[in-house]
Amino acid sequence: MDSCDARTKNDAPNTTYSYTGTSGTNNNETQKSSETEKLPLLFSKRLAIVILLFVGNITAVLIKYNVNVAVIDMAFQKRVKLGNVTVIQQPEFPWNSKTIGTVISLTAYGALLVFMSGFVISKLGASLSCVLSLMMCGITTLLYSITLHYNFYSFVACRLLTGIFLGFYTPFFLEIFSRWVPQCERVSLMAFTYNGFFVGLTLVHPFCGFVAFKWGWPMIFYTTGSISLIMAFIFLTLLKNSPSEDKSISKKELLYILDGLETKNFTLEIVHPYRKVATSSPIWALCIALFVHMSGICFLADCLPLYIKDITGKNVEDVGFITAIPNIVNMFMLLFTGFLVQYWKNNSNIPPTRMSKIIMASGFTIEMFLFLALTMVSDFIAIMLILVAMRFITPLISLNTQLIMINIAPGHTGMIAGIAEFCSQLATVLTQTIIGFLTVNRSMDEWNRCFILIAGICAFSTVIFTLFGSSEAQEWALAPSSDHKDDRNSPTSCIKTTTK
């Protein structure tokens, strides 16, 4: 069944399932009862979890991009008013462009271990994994200022540790989301929850710029690190792995959520089909699409403050507010996109895979032309208009890729998200490093070469995803796994369950 409104007779928290398949799969063992009213979202437990994940996503962005703003105050000359006189203050850390690029990309280097997320979730559970991720990010961020004044390499170690734990956050978040949100609400609620990343991008530059202006750059790290620790405590208190583990949820809402999911059980022993994943062309197409998409996002999020400073020469607080403008557009567009795609999905006969290909091909093609347009203009207003136009497009691609990670392999969201996030972080590392090496003199010609490179890979991704992409559950995700010794002769799925 494909609707959250359809209920099954025997769904209960203590039911044992050997294989549940997907909600679109016919199952002779499952009997349909009469449809019941859709449970309202307002004041529901699932809405509370979605809001909690939304705030957690904002926190993750503050942790990831605080250095991007702080480095402007740390490593560049700035104008300071002393009475009626404006003087040039020399930077505390006179780093060159290559060092700055390395400092910014350190979290992405650490996050390359994210492919292990499926293993971590299987050992700790998604909820505790989220708590550990935010807690360690908070601790390491609080140490930035101390280590920078003590030894640069100790700062590098802290930044790498932040990247390792922060890299795991997205797969953990998607794993929780896939267990709490039924399919009929997934697109719109994913748009809202994922919007937390873009709200964070909107806030991080002006917030960190203001903090640096008022109290100096070290306070950026003390503030964002403290926020991360507070969120870790809140997650520990309120967030559960699944609805069936939450004692405060009503039985009616529990059954409603379970019946709208691909897998209705949460006492899971997951056996991941690694060989099938490694040879799946839709997974490779998704990874390439994310790699390319993150290359563009990397510029808009990581490198945009430096780009704006190069073309305007403004101080950190001014750059922070300027770079927030495209992200504000992105924030509202993601919500609109979520409702638009949800409406399109519910009222259109277009197959999910074809819909995804239309979205991805259109998005990447428009992004390609916008990056090429940046190479043809020099007026600041025109540049800002192009950057804003990019933020009209990126939400569509971002939302679609996140949904594919959940839908393409039911029961394996954490692992798939970890692999996809590895590709995203690899793209971030390479993009930041390449931009750092290509913009040694920080000239417009050097930036234009970067834009041409990004436009080229956008065209490449359009072709690959159109040929090989998919947004539907793969057969290997629904069939018994052959990658686990104990399951080779088992008639059940790769998802085992036990009765509580």
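Counting heavy atoms from C-beta outward, Ile406 and Ser178 have side chains that approach closer than 4.5 Å. For the pair Thr394/His293, a side-chain contact is recorded, criterion being any heavy-atom separation below 4.5 Å from C-beta on. Between Ile51 and Phe192 there is a side-chain heavy-atom pair separated by less than 4.5 Å. Two residues are said to be in side-chain contact when any heavy atoms from C-beta on lie closer than 4.5 Å; Leu128 and Leu132 fail this criterion. Ser295 places a side-chain heavy atom less than 4.5 Å from the side chain of Phe291. The side-chain heavy atoms of Val181 and Met190, taken from C-beta on, include no pair separated by under 4.5 Å. Under the 4.5 Å side-chain criterion, counting only non-hydrogen atoms from C-beta, Ile257 is in contact with Ile249. Side-chain contact between Asn400 and Leu396 is absent, with no heavy-atom pair separated by less than 4.5 Å.
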- Task: Any chance you could lay out the side-chain contact (heavy atoms from CB on, under 4.5 Å) test for Thr140 and Arg159, step after step, and finish with the verdict?
- Result: CA-CA 7 Å; Thr140 54; Arg159 189 73 175 150; over 6 Å; no
Point to revise | Chi angles and distances behind the side-chain contact (heavy atoms from CB on, under 4.5 Å) call for Val67, Phe221 | key: CA-CA 8 Å; Val67 167; Phe221 303 132; 3.6 Å; yes
- Please test His149 against Phe155 for side-chain contact (heavy atoms from CB on, under 4.5 Å), starting from the C-alpha separation and ending with a verdict. CA-CA 9 Å; His149 287 101; Phe155 164 72; over 6 Å; no
Audit row: Cys287, Ile419, side-chain contact (heavy atoms from CB on, under 4.5 Å) steps and yes/no
CA-CA 8 Å; Cys287 290; Ile419 296 171; 3.9 Å; yes
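With Asn241 contributing its side chain and Ser127 its backbone, the two residues share a donor-acceptor pair below 3.5 Å. In this structure a side-chain-to-backbone donor-acceptor pair under 3.5 Å is present from Trp180 to Lys240. A donor-acceptor contact shorter than 3.5 Å is absent between the side chain of Thr401 and the backbone of Leu290. Under the 3.5 Å distance criterion, the side-chain polar atoms of Ser228 are left unmatched by any main-chain donor or acceptor of Thr224. One N or O on the side chain of Gln474 and one on the backbone of Glu472 form a donor-acceptor pair closer than 3.5 Å. Judged by distance alone, with hydrogens and angles left aside, the side-chain atoms of Ser470 form no donor-acceptor pair with the main-chain N or O of Thr353 at under 3.5 Å. Looking only at distances, no side-chain donor or acceptor of Ser461 sits under 3.5 Å from a matching main-chain atom of Ile457. Listed for the Ser133 side chain is a donor-acceptor partner under 3.5 Å among the backbone atoms of Phe165. No donor-acceptor distance shorter than 3.5 angstrom exists from the side chain of Thr223 to the backbone of Ile220, with no hydrogens or angles considered.
Summarising the geometry, atom CG belonging to Leu143 is positioned 4.5 Å from atom SG belonging to Cys158; distances are rounded to the nearest 0.5 Å. Rounding to the nearest 0.5 Å gives a distance of 10.5 Å between CG of Leu62 and CE of Met231. Atom CG of residue Leu189 and atom CG of residue Leu47 lie 7.5 Å apart, to the nearest 0.5 angstrom. Atom-to-atom distance recorded for Ile49:CD1 and Arg46:CZ is 11.5 Å, nearest 0.5 angstrom. Here Leu142 contributes atom CG and Leu229 contributes atom CG; the two are 5.5 Å apart, rounded to the nearest 0.5 Å. Between Met360 atom CE and Ile464 atom CD1 the span is 12.0 Å, to the nearest 0.5 Å.
Minimum interatomic distance between Cys130 and Leu239 (heavy atoms only, all atoms of both residues): CB-CD2, 4.4 Å. Heavy-atom minimum distance, Gly209 versus Val69: N-CG1, 3.7 Å. For the pair Ile397 and Gly363, the tightest heavy-atom approach, listed with the atom from each and the gap, is CD1-C, 3.6 Å. Between Ala191 and Leu399, the shortest heavy-atom distance links the atoms N-CD1, 3.7 Å. Between Met405 and Ala417 the shortest heavy-atom distance is SD-CA, 3.6 Å. Closest non-hydrogen pair, Lys357 versus Phe465, comes out as CE-O, 3.7 Å.
Considering only residues two or more places apart in sequence or on other chains, Phe173 meets the ring pair (Phe, Tyr, Trp, His ring centres under 6.0 Å) condition with Phe197. Looking at residues two or more places apart in sequence or on another chain, you find no ring pair (Phe, Tyr, Trp, His ring centres under 6.0 Å) involving Phe235. Under the side chain to side chain donor-acceptor pair (under 3.5 Å) criterion, Ser248 pairs with Lys45, Asp246, sequence neighbours left out. With sequence neighbours excluded, the residues forming a side chain to side chain contact (heavy atoms under 4.5 Å, CB included) with Leu238 are Leu52, Ile234, listed by chain and number. In this structure Tyr222 satisfies the ring pair (Phe, Tyr, Trp, His ring centres under 6.0 Å) test with no other residue, sequence neighbours excluded.
Annotation for Phe152: atom CZ counts as buried by contact number, over 12 foreign heavy atoms lying within 6.0 Å.
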Contacts under 3.5 angstrom, residues 54-61 side chains, donor-acceptor by atom type, not counting sequence neighbours:
{"unit_1": "Asn57", "atom_1": "OD1", "unit_2": "Tyr169", "atom_2": "OH", "d": "2.9"}
{"unit_1": "Asn57", "atom_1": "ND2", "unit_2": "Leu53", "atom_2": "O", "d": "3.4"}
{"unit_1": "Asn57", "atom_1": "ND2", "unit_2": "Thr193", "atom_2": "O", "d": "2.9"}
{"unit_1": "Thr59", "atom_1": "OG1", "unit_2": "Val55", "atom_2": "O", "d": "3.0"}

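Between Phe168 and Phe172, the two ring planes are parallel [angle under 30°; tilted spans 30° to 60°].
Donor-acceptor pairing under 3.5 Å is recorded for the side chains of Tyr144 and Thr162.
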